[in-house]
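Here the structure is laid out as structure tokens; the discussion comes afterwards.
Just follow the structure's listing: the first ligand is 1, and inside any ligand the first atom is 1. For clarity, every value in this text was computed on a predicted model and none was experimentally measured.
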Amino acid sequence: MSKQHLKVAVLISGTGSNLKALINAVNQQGLELHIAKVISNRAAAPGIAHAVDAGIPVSVISHADYPDRQAHDSAVMNVLQEAQVELVILAGYMRILGEEFTHAYSGRMINLHPSLLPKYKGLDTYNRVLQSGDSETGASIHFVTAGLDSGPVISQVRIPVFANDDATSLAARLGPIEHKLVVATVELFCSRKVHYDQGRVLHEGQVIEQPLQLNNDGTFD
Ligand code: GAR
């Protein structure tokens, strides 16, 4: 592990397919990323197995074991503090974080969301896309600020919505493309090309007016 490797923690609640995509990118594509810790708020999250298989230390910090959000957030922050990570990646971490947490990691925490933010924050995104009649949808990665799925958007990827789509088919098509987005976006952090500056996203030193758009070839516009 070279000194340049970006040291991160990945927080999950469920399947962990995005975590797995990052692990694969490290092992197969030489992504200069050091996943120092995986934290799950659910002991039964299937994604934990991906971390265990890869030899990544896992902490299960179940929200059910804490009296309130603040106490649970503090426990997670303590583990992150010990791990001394540069970036926290929320990859399907289905907990709302309190302001103390988002403030402490301002500019150092990103979240994945399966919609073209600012559209469809929250849950049940695929059904809401279908009900709205949108002709396209996608996934977004944003810096985390206080508020649900909010904060400046760094990058997006778009897919068409077909007339015969249902939530299952949309999720199945978006999943692998979201994986490409997370790998390409984390690569920007690994190469220190993206930063947070006072509520804005800097890419190669320039404020971006629109989220970076991922192309089919895995590069950004
Ligand atoms: C991903 O699609 C991610 O965008 C979404 O949860 C899924 C996790 O999948 N996140 C949110 O909805 C956050 N509001 P995974 O566990 O297989 O990586």
Using links of under 4.5 Å between side-chain heavy atoms of ILVMFWY residues, direct or through other members, which residues join Ile96 in one cluster?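 Other cluster members: Leu148.
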Apply side-chain contact (heavy atoms from CB on, under 4.5 Å) to the pair Cys190 and Leu31, showing each step before the final yes or no. CA-CA 8 Å; Cys190 292; Leu31 182 69; 4.1 Å; yes
Who are the salt bridge (charged side-chain N to carboxylate O under 4.0 Å, His left out) partners of Lys7, not counting sequence neighbours? none
My understanding is that only residues two or more places apart in sequence, or in another chain, count here; which of them pass ring pair (Phe, Tyr, Trp, His ring centres under 6.0 Å) with Phe189? Phe143
Can you tell me which residues line ligand 1 if we count any heavy atom under 4.0 angstrom from one of its atoms, in chain and number order?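 Near ligand 1, by chain and number: Thr15, Gly16, Ser17, Asn18, Gly92, Met94, Leu112, His113, Pro114, Asp149, Glu178.
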Main-chain N/O of Asp134 paired to Ser132 side chain as donor or acceptor, under 3.5 Å: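 Indeed, once roles are kept as given, a pair shorter than 3.5 Å links the two residues.
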Applying the side chain to side chain contact (heavy atoms under 4.5 Å, CB included) test to His142, which of Ile154, Thr185, Leu117 qualifies?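 The passing option is Leu117.
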